[in-house]
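I have placed the structure first, in the form of structure tokens, so that the comments after it can refer back to it.
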Amino acid sequence: SSKNRNNSKKNNFVHLKGESYINANFKFLVDFRGDYKNQIFDPNVPIEHYSILRVIVQKKISCPICLEENLIAPRMINCGHCFCLTCLLRFSSNNLVSLENCKNKKKQCPVCHYKVNNDLILPVLIDSTFDERFDLPKPNLDCLMNLLIKPHNSILSLPISNNPNFKKLTNIPWCCSSHDELNNLSQEIYPYTRIMKGNLNFIINQYKLEKSAILSQFNEDLLLYRGNKAATDDLQLYVNKAISEIDESIEIFEKKFSIHINNKTYNEANSYFYYQTSFKSNIVYLLSSFDRRILRSLFVSYGNFPSNILIRIQNITYGEILTFENVIREYKYLSHLPVGSELAFIEIDWQYMAKNCKTNENYIKLPSNIYNEFKKEIINRWKKNKDRYYREERNKQNAMKSLEKKTKDFYRAEN
Ligand SMILES: [Zn+2]
Ligand SMILES: [Zn+2]
């Protein structure tokens, strides 16, 4: 298990598992658009899963499934153990078959038996060049010690010899160039920081390297298993799965980052961002606050919202009026409107859009981790809307019928 790996002193026992263990033991390359206020305030708060671009593992590890020392396209599951992507895919599907009869039973990590959450799998960057063994101080040897400086309000601590500009670096510094297709992390900062920002090029490049590593390993394996059709078919199956999973990640990241911010002057700290439609109407048509929350989770900050979105409407709620109270409480972004304005809130049909995103590519696609985060509320709202829709349809039909009857009765009476 993952507990007490870190602590040799008896009195200093800290029991960490899951995301707290991962938070304490690895470095993180994160989406540069997040604000990470919680982590800056408290280093024990794990970073939101969707903001992590790569977990960085600074040691040589081997895959517990294939026992290879060079993990290919490594992925970390939620206990902190790492596997090759193809090994993990094969493991997941094998286990599913044996657990067919107990659907709710989660798969367990083959090493520590921690319950695997498929929505919390993270891509890993293994940096085995950064091996502590070559850098450890030893008795009877000389040792050069660096003076580090950490301003009171900073979570960043750097050697003073680097002449750091903390204001420019900010608490979460960049660690890969924002322009070049660099595959290297900035050595000036990387060794000293725990959380660093990454950009699209770096991430896409990582995925591309993984794809070619998977394919060249596949070619080697083909030679090894030459003539064994069952084995090569099986290899092919999981290589295909892994490649298409990587392609999907690339697509998600490209979409997520393409929105990026032509104008950084306006951001969440100094502006409100909200969607509105039907500008000819007296009613102000807005997006429901629940859907705003989902979009914020997807785009990390309101300031990254795309300039327009195509959605499928599930329901519109009418009848809310802007008041002195709710403009302060909920609708700060409408403080430019007079009290008394009539508001209508549009609710998005996420399920419809997920089903039809292949035929209409302009629909916003929710990655499964974000969908699952809101799944319960999305389904509850859908049920409520469906019930209301049918009730209203029934009432309408009843009203029509009684009107017809009245008309008939009227003519009968006339004649
Ligand atoms: Zn493996
Ligand atoms: Zn484990």
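All ligand and atom numbering here is 1-based and tracks the order in the structure.
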For ND1 in His81 and SG in Cys109, the angle at the Zn ion (ligand 2) (nearest 10°) is 110°
Rounded to 10°, the SG/Cys66 to the Zn ion (ligand 1) to SG/Cys87 angle comes out at 110°
**Prompt:** In terms of side-chain geometry, is the basic nitrogen of Asp119 or Lys375 positioned less than 4.0 Å from the acidic oxygen of its partner?
**Reply:** no
Quick one: do Glu377 and Arg293 make a salt bridge, cutoff under 4.0 Å? yes
I'd like to know if the Zn ion (ligand 2) has an N/O/S atom from Cys112 within less than 2.8 Å of it, counting both backbone and side-chain atoms. yes
What I want to check is whether the side chains of Trp382 and Asp349 have a donor and an acceptor closer together than 3.5 Å.
no
Taking the Zn ion (ligand 1) as the apex, SG on Cys84 and SG on Cys63 give an angle, to 10°, of 110°
Charged N-O contact under 4.0 Å between Glu210 and Arg54:
yes
